[in-house]
Amino acid sequence: MGEFNEKKETCGTICLKYLLITFNFFFWLAGLAVMAVGIWTLIQKSDFISLLPSNTYAATAYILVIAGAIVMVTGILGCCATFKERKSLLKVYFILLLCIFILEVLAGILAYIYYQQLNAELKQSLKQTMNTKYKQAGEEKVTNAVDKLQQEFKCCGSNNSEDWRDSMWINSPEAEKRLVPDSCCKTVTQRCGVRDHPSNIYKVEGGCISKLETFIRAHLLIIGAVGIGIACVQLFGMIFTCCLYRSLKSEPY
């Protein structure tokens, strides 16, 4: 009878081992995907981050990159711990899984919070940023971001083209009588911004705020979904780890 129970226990342990190894393989791939999403968020349209008043958007992406890197290392550690059937390694593996779980849930929550407050934040800051920092000394990053924003999203001004009337640069001699920056023009040429007629510049309902908000909201949804989604999958990994840990015999001292 004792021999039967031992075989049953061994069979259960083997099943758990292969289940956890399979999980770790997909978990490693998930880590690669998480890190890729974080890097993609930071690289694609990274110029626009300088137009945001807070670092929440960038922080969520950095958390995903860090979490993804840890996931990939943890996946390898998980396979080693499972093969060797070492309870001490399984403990470390479980703790790392828990840390990654917290990181990814945090990224998801940050993305959701920022998603909710994005509209109010942009309305408060984008116009001021454009008017006070565009073409100013030491603000080349903001200047490039604004020009890229207006050209790629085919918009002009934070709410509309008239917002540029309050711009420090537009009201300076350096503007050479431009009414809007040249990046507002449908066809960019030198000093094309002297004419603000709809045939010459972009006149978009909601201005650049609505365009930038739509873009960032789409990215935040992806970040939040990836973070929360992978975190939910990790719960199964933690459950499998606990089951395998309990099924293994105590290590000799």
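All heavy atoms count here, side chains included; hydrogens, waters and symmetry mates do not. All of these numbers come straight from a predicted model, not from anything done at the bench.
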task = Please answer: with hydrophobic residues joined when any side-chain heavy atoms are less than 4.5 Å apart, are L96 and I239 in the same cluster?
result = no

query = Do the side-chain sulfurs (SG) of C184 and C156 come closer than 2.5 Å?
reply = yes

task = Grab the two heavy atoms, one from D147 and one from S183, that are nearest each other, plus how far apart they are.
result = OD1-OG, 2.7 Å

Pairwise distance CD(Q190) to CG(D182) - rounded to 0.5 angstrom = 6.0 Å

request  = Flag yes if M168 and V142 sit in one hydrophobic cluster, no otherwise; membership is Ile, Leu, Val, Met, Phe, Trp, Tyr, and two members link when side-chain heavy atoms are under 4.5 Å apart.
outcome  = no

key: Distance (rounded to the nearest 0.5 Å) between T132 OG1 and D166 CG   = 11.0 Å

query = If you measure from CD on E162 to OG on S158, what distance do you get to the nearest 0.5 Å?
reply = 11.0 Å

ask   = Hey, what do you get for NZ (K127) to CG (N160), rounding to the nearest 0.5 Å?
value = 8.0 Å

note = Here the pair of heavy atoms bringing I222 nearest to W40 is CD1-CH2, 3.6 Å

key: Heavy-atom check, side chain of K135 versus side chain of E174, under 4.5 Å   = no

Value rounded to 0.5 Å, distance of NZ in K203 from NE2 in H197 = 9.0 Å

ask   = How close do I39 and V65 get, heavy atom to heavy atom, and via which atoms?
value = N-CG2, 3.6 Å

key: Partners passing ring pair (Phe, Tyr, Trp, His ring centres under 6.0 Å) against W28 (at least two apart in sequence or in another chain)   = none

note = Interatomic distance, CD@Q151 vs SG@C185, rounded to 0.5 Å, equals 8.0 Å

key: V146-I209 co-clustered via ILVMFWY side chain contacts under 4.5 Å   = yes

remark   = Heavy atoms of C192 and V188 approach each other most closely as SG-CA, 4.1 Å

key: Under the ring pair (Phe, Tyr, Trp, His ring centres under 6.0 Å) test, residues paired with F101 that sit two or more places apart   = none

ask   = Taking all atoms of both residues into account, what is the closest heavy-atom pair of L149 and C208, and its distance?
value = CD2-CB, 3.8 Å

inquiry  = Please tell me whether V73 and V92 are part of a single hydrophobic cluster in this structure, the criterion being side-chain heavy atoms less than 4.5 Å apart.
reply    = no

remark   = Between V204 and K211 the two heavy atoms that sit nearest each other are CG1-CE, 3.7 Å

query = Is a side-chain N or O of D196 found less than 3.5 angstrom from the main chain of V180, in a donor-acceptor match?
reply = no

K186 side chain to P198 backbone, donor-acceptor under 3.5 Å = yes

request  = Spell out, yes or no, whether L29 and M72 are grouped together once hydrophobic residues are joined by side-chain heavy atoms under 4.5 Å, including indirect joins.
outcome  = yes

request  = Indicate the ring-plane relationship of Y134 and W169, choosing parallel, tilted or perpendicular according to the 30° and 60° boundaries.
outcome  = perpendicular

Close side-chain approach of I170 and R165, heavy atoms under 4.5 Å = no

inquiry  = So does N200 get a backbone contact from the side chain of R195, meaning a donor-acceptor N/O pair under 3.5 Å?
reply    = no

ask   = Got a donor-acceptor contact below 3.5 angstrom from the S161 side chain to the G157 backbone?
value = no

request  = State whether the side chain of N159 and the backbone N or O of G207 hold a donor-acceptor pair below 3.5 Å, judged by distance alone.
outcome  = no

